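Since the structure comes first, as structure tokens, the remarks are kept for the end.
Small disclaimer: the values here were computed from a predicted structure and weren't measured. Each ligand, and each atom within it, is numbered from 1 in the order the structure gives. Because only heavy atoms are used, hydrogens play no part in the values below, and waters and symmetry mates are left out as well, while side chains stay in.
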Amino acid sequence: MKKILINGGKKLHGKIDVSGMKNAALPIIFACILTGKKCVLDNIPDVTDVNLSLKILEDMGAEVIRISRNTVSVDTEKLNGMTSRHDLVSRLRASTYLLGAELGRFGEARVGFSGGCDFGVRPIDQHQKGFEALGAKVTVENGCNRVVAGPQGLRGGSVYLDIASVGATINVMLAAVLADGKTTIDNAAREPHIVDLANFLNMCGAKITGAGTSFIKITGVTELHGCEYTIIPDMIEAGTYMVAAAAAGGRVTVSGVIPKHMETVTAKLIEMGVSVDEDEDFITVTSNGKLRGVNIKTYFYPGFPTDMQPQFGALLAAADGTSIITEGVFDNRFRYADELAKMGAEINVLGRNASIVGKKKLSGAPVTAVDLRAGAAMIIAGLAAEGKTEISQIEIIERGYDDIVGKLRGVGADIRLVDDGA
Ligand code: EPZ
């Protein structure tokens with residue numbers, strides 16, 4: 001079994017190049033289905049979730065060619081709808097995008113239930129509301145979600161999302177780009193990866209305006225062509241390394257970023273007493289390891305990103321004073337608290353709130369990565385703690401971080417990946 005071993009207490013110095021954004025690459029990979037042509041995607045992160053999505057498409061008949069570690073071509077001309085493998089689909093949340101993509105191209109979709117990190121219930125009722133607004137019928141059949149367009153095919157419609165759901169916004173966009181007529185999505189998610197998907201689809205000939213705002217308009221077209229597209233940098237990966245530098249102390253530059261995407265993380269680190277300097281496409285974090293406790297409320301973009309919450313939980317566990325984290329997006333995203341407690345952290349969780357009493361120092365311990373960002377939080381805690389930390393179940397971390405061990409070693413962390421073959 002693979003584990004990550006860390007000897008804590010080393011300051012970090014140097015530069016980390018940030019990879020392409022997992023949560024932008026995933027919808028764009030599934031969106032290739034809509035073109036029925038060849039697309040070349042650049043700055044694709046080499047992470048398990050992305051490679052699994054490419055495998056799902058390949059198994060469905062797409063031609064997937066890895067041109068380089070971070071560039072892939074995807075030709076979906078020969079792809080067969082409704083043939084995705086349930087055992088693969090059940091391993092990631094992004095496979096829900098198959099519903100919108102298959103419905104948009106073939107007029108019907110059948111996809112097994114998706115998986116993903118366990119934060120409590122992760123329904124798709126808002127996705128369903130969007131499909132129904134386009135005249136489609138949604139049912140559950142033989143352990144699959146089934147969506148079928150109306151007798152006249154998919155017709156543009158208007159949907160108001162009760163929740164600014166990233167997944168629902170993406171799925172409605174995918175279904176609507178080839179529908180007959182205009183579609184509007186009100187209370188749409190505004191994340192940068194929604195904009196990236198819209199830019200990709202527009203480069204393929206779609207007509208989408210308003211992405212990045214809460215009101216998106218889509219005018220259906222009859223077909224899409226292929227294109228070559230570069231994925232945006234991963235703001236969560238960049239934020240994770242910024243927090244690691246703050247926790248361990250030292251001076252680290254994350255490069256190839258879009259500083260605007262990082263503004264809530266930057267502001268929170270400055271509030272904690274960390275020095276953050278930003279330039280065109282890089283941000284430098286300088287820290288002496290002395291941190292002030294702060295309160296954090298996560299919310300939909302442009303609010304504080306929920307995907308940075310566990311990482312800050314680890315940082316605040318060794319800051320001065322008591323901090324309160326309020327999780328505004330998911331029901332249960334504090335599963336990492338029990339793991340941090342094994343390192344001496346004092347975190348009291350009550351529903352969507354956690355109070356953290358900062359400690360002078362955490363101490364290394366054997367811990368488990370219970371979900372993707374919780375795994376990153378364990379690494380951050382291990383870097384700052386005294387002594388050895390051993391993290392198991394690290395395959396979860398490899399789902400969303402491209403060579404996190406190598407990148408941290410590159411800035412002086414005493415961290416390594418071991419495989420005891422068990
Ligand atoms: C995406 O998940 C991301 N995953 C998550 O990142 C991220 O945390 C989340 O967006 C929020 O930013 C991918 O992009 C693959 P949502 P998604 O639909 O689409 C509720 C990571 O660490 N909801 O915006 O599933 C839902 O239960 C992962 O990279 C409904 O009630 O998130 C949640 O409470 C973790 N009904 C809230 O909305 C619905 O139909 C936000 O969910 C859909 C969602």
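- The closest approach between a heavy atom of M21 and any atom of ligand 1 is not below 4.0 Å.
- Checked for salt-bridge contact, R146 and E141 meet the test: a charged N lies under 4.0 Å from a carboxylate O.
- Looking at R373 against ligand 1, only its side chain comes within 4.0 Å, counting heavy atoms.
- At least one heavy atom of P123 sits under 4.0 Å from some atom of ligand 1.
- Ligand 1 lies nowhere less than 4.0 angstrom from a heavy atom belonging to Q128.
- Ligand 1 places these atoms under 4.0 Å from at least one heavy atom of Y97: 14 (O).
- Interface of R122 with ligand 1, defined as ligand atoms under 4.0 Å from a residue heavy atom, comprises 2 (O), 17 (P), 25 (O), 27 (O).
- For ligand 1, the atoms closer than 4.0 angstrom to any heavy atom of R333 are 8 (O), 22 (O), 35 (C).
- Across the listed options T306, I194, N23, N23 owns the non-hydrogen atom lying nearest to atom 14 (O) of ligand 1.
- Salt bridge annotation for E237-K22: absent, with no cationic side-chain nitrogen under 4.0 angstrom from a carboxylate oxygen.
- The side-chain hydrogen bond (donor to acceptor under 3.5 Å, both in side chains) test with S158 is passed by exactly one of T184, T183, D186: T184.
- No heavy atom of Y299 sits closer than 4.0 Å to any atom of ligand 1.
- The pair E263-K260 meets the salt-bridge criterion, since a charged nitrogen lies less than 4.0 angstrom from a carboxylate oxygen.
- Within a 6.0 Å sphere centred on OH of Y299, other residues, nucleotides and ligands contribute 12 heavy atoms or fewer.
- When the side chain to side chain donor-acceptor pair (under 3.5 Å) test is applied to R190, no partner is found at least two apart in sequence or on another chain.
- The pair K129-D125 does not count as a salt bridge, with every side-chain nitrogen at least 4.0 angstrom from each carboxylate oxygen.
- Counting heavy atoms only, I163 comes closest to atom 23 (N) of ligand 1 of the residues V166, I163, V329, L26.
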